[in-house]
Amino acid sequence: TIAVTGSSAVRYYSSLRDVTTQRHGGGVGVEFLTSERMQVRAAQSISYSPSYQLSLSQPPPQEGSELNFGAAGVDYSVSRDKQITYGSFGGATYTFSSSREFTLGYNFGYTDFFHRADFSNQQASARFTQRLSSDMSLRLGYGFGVGTLGNQATVKHHDIDVGVNYNRSIAVSRRTTVGFTSGSTVISTGGSQHFELIGGVQLRRLLAPRWTSTASYMRGLMAIDSVPRPFVTSTVSGEVRGFASSRASLSIQPSFAWGADVADATRTFHSAVAQTRADVAVNRNWALYVEHFYYLYRFAGVTDLPQALPAGFSRQGLRWGLALWAPVIH
């Protein structure tokens, strides 16, 4: 299987009286079976932006998510600072039986800033999964990651991936599903080590035949480009999506995150993002839409932020337009 993904955004800012590019990116991913038991995956992506893009209210990326570019509805630009970002992924899964498998993975990310020190982040991992029941599985794994900012000392972290995956409908309601993951990590920085618990929980409920809702909490590590050490972050997000009629749909997506430096609890941030969008179909291919977004973040006690990254920022906007769905290849 071959997947090709592309994303682009161009906007007009009245205060600048100029049309400016926001972000352009693309990638290709390959997945194939070398045998009945072995599956191999690889992906490569590249993106360009003339602005510093900072997204703090999104859950930590999952394995193999390099081709998932963020939606263009929220503008995460905070300053003019050109950059090219590269992402590579390789992995393989060997299935011993229907209830047992072993996975290897490697991620590499590199941000090439035009006017300051570059940033890189890479991680290798191995995981064994044993299914205990139709709803529960046990994970045993280990990962090692390294983050580097220019010529500064690298930050290393060891991920002890021992936990349980659980995904099942709650007995009191067939419309509600809950799932959770758990694990831990040890971060080495400045000659000291820090132990942190990571994981998350997700609750999904069918509100009506055409309406669904999701709420989730995720705790993990977040590496911010050009900031020396990672942050331990907590992210709470939700979504309500459905159809008000056969032609009209509505989605509401709020998200809130907060975090602290792994080695200094006084260095913190908080961030909030909310997006609401309504679509009304004109015919099978065209729809009118209107969307509102809100974006905010604040750093506290972080005195070594790069010049291109303000300590605080907020933005909101209202957009409307046309959306087109059309087959490209028959």
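By convention here, the first residue in the shown sequence is residue 1.
Using a 4.5 Å cut-off between side-chain heavy atoms of Ile, Leu, Val, Met, Phe, Trp and Tyr, with links allowed through other members, Val282 and Phe243 fall into different hydrophobic clusters. Residues Ile160 and Val146 are members of one and the same hydrophobic cluster, defined by side-chain heavy-atom contacts under 4.5 angstrom among Ile, Leu, Val, Met, Phe, Trp and Tyr.
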Exercise for the section: Report the C-alpha separation of Asp118 and Thr111 in whole Å, then their side-chain angles, then the decisive distance to 0.1 Å, and conclude whether the side chain to side chain contact (heavy atoms under 4.5 Å, CB included) test is met. Expected result: CA-CA 6 Å; Asp118 298 338; Thr111 303; over 6 Å; no
Problem - Verdict with reasoning, His292 to Thr276, per side-chain hydrogen bond (donor to acceptor under 3.5 Å, both in side chains) - result: CA-CA 5 Å; His292 175 269; Thr276 302; 5.5 Å; no
Practice task
Evaluate the side chain to side chain contact (heavy atoms under 4.5 Å, CB included) criterion for residues Ile224 and Leu54: first the C-alpha distance (whole Å), next the side-chain angles of each, then the deciding distance (0.1 Å), finally the verdict.
Solution key: CA-CA 8 Å; Ile224 302 173; Leu54 183 65; 3.8 Å; yes
Exercise for the section: Could you give me the CA-CA distance, side-chain angles and deciding distance for Ile84 and Phe114, then say whether side chain to side chain contact (heavy atoms under 4.5 Å, CB included) is met? Expected result: CA-CA 8 Å; Ile84 298 178; Phe114 284 33; 3.8 Å; yes
Practice task
Apply side-chain hydrogen bond (donor to acceptor under 3.5 Å, both in side chains) to Arg41 and Thr93, showing your working.
Solution key: CA-CA 9 Å; Arg41 304 180 307 279; Thr93 299; 3.2 Å; yes
Problem - Glu239 and Ser213: CA distance, side-chain angles, deciding distance, side-chain hydrogen bond (donor to acceptor under 3.5 Å, both in side chains) verdict - result: CA-CA 5 Å; Glu239 180 182 25; Ser213 64; over 6 Å; no
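Checked for salt-bridge contact, Glu101 and Arg127 miss the test: no charged N lies under 4.0 Å from a carboxylate O. A salt bridge is defined here as a Lys NZ or Arg NE, NH1 or NH2 lying under 4.0 Å from an Asp or Glu carboxylate O, and Arg319 with Glu291 meets this definition. We find that Asp81 and Arg116 are joined by a salt bridge, their nearest charged nitrogen and carboxylate oxygen being less than 4.0 Å apart. The residues Asp304 and Arg267 are annotated as salt-bridged, a charged nitrogen and a carboxylate oxygen being separated by less than 4.0 angstrom.
Put simply, the side chain of Arg298 gets close to the backbone of Phe313: a donor and an acceptor are under 3.5 Å apart. A donor-acceptor distance shorter than 3.5 angstrom exists from the side chain of Gln83 to the backbone of Ser51, with no hydrogens or angles considered. Remark: the backbone N or O of Leu250 is not paired with any side-chain donor or acceptor of Arg277 at under 3.5 angstrom.
Within 6.0 Å of atom CH2 in Trp325, more than 12 heavy atoms from other residues, nucleotides or ligands are found, so the atom counts as buried in its surroundings. Leu322 CG: more than 12 foreign heavy atoms inside a 6.0 Å radius.
For Tyr76 and Tyr295, the gap between ring centers is short of 6.0 Å. Aromatic pair Tyr142/Phe144: centroids not less than 6.0 angstrom apart.
Between the side chains of Ser88 and Gln44, at least one donor N or O lies within less than 3.5 Å of an accepting N or O.
Other residues sharing the hydrophobic cluster of Ile198, ordered by chain and number and joined by side-chain separations under 4.5 Å: none, the residue standing alone.
Proximity of Thr181 to Arg139: side-chain heavy atoms (C-beta onward) are separated by under 4.5 Å at one or more points. Looking only at side-chain heavy atoms (C-beta outward), Arg131 and Met136 stay at 4.5 Å or farther from each other. In this structure, Thr235 and Ser255 have side chains that are in contact, with non-hydrogen atoms separated by less than 4.5 Å. Looking at heavy atoms from C-beta onward, Phe96 lies in side-chain contact with Phe102 at the 4.5 angstrom threshold. Within the 4.5 Å cutoff, the side chain of Ile187 has heavy atoms near those of the Glu196 side chain. The shortest distance between side-chain heavy atoms of Arg219 and Val232 falls below 4.5 Å.
Evaluated for a side chain to side chain contact (heavy atoms under 4.5 Å, CB included) with Tyr294, the options Gln275, Gln316, Arg315 yield exactly one hit, Gln316.
Legend: ring-ring contact (aromatic ring centres under 6.0 Å, His included) pairs involving residues 194-242, not counting sequence neighbours, sorted by first then second residue: Phe231-Phe269.
Ring planes of Tyr110 and Phe108: parallel class, angle under 30° (limits at 30 and 60°).
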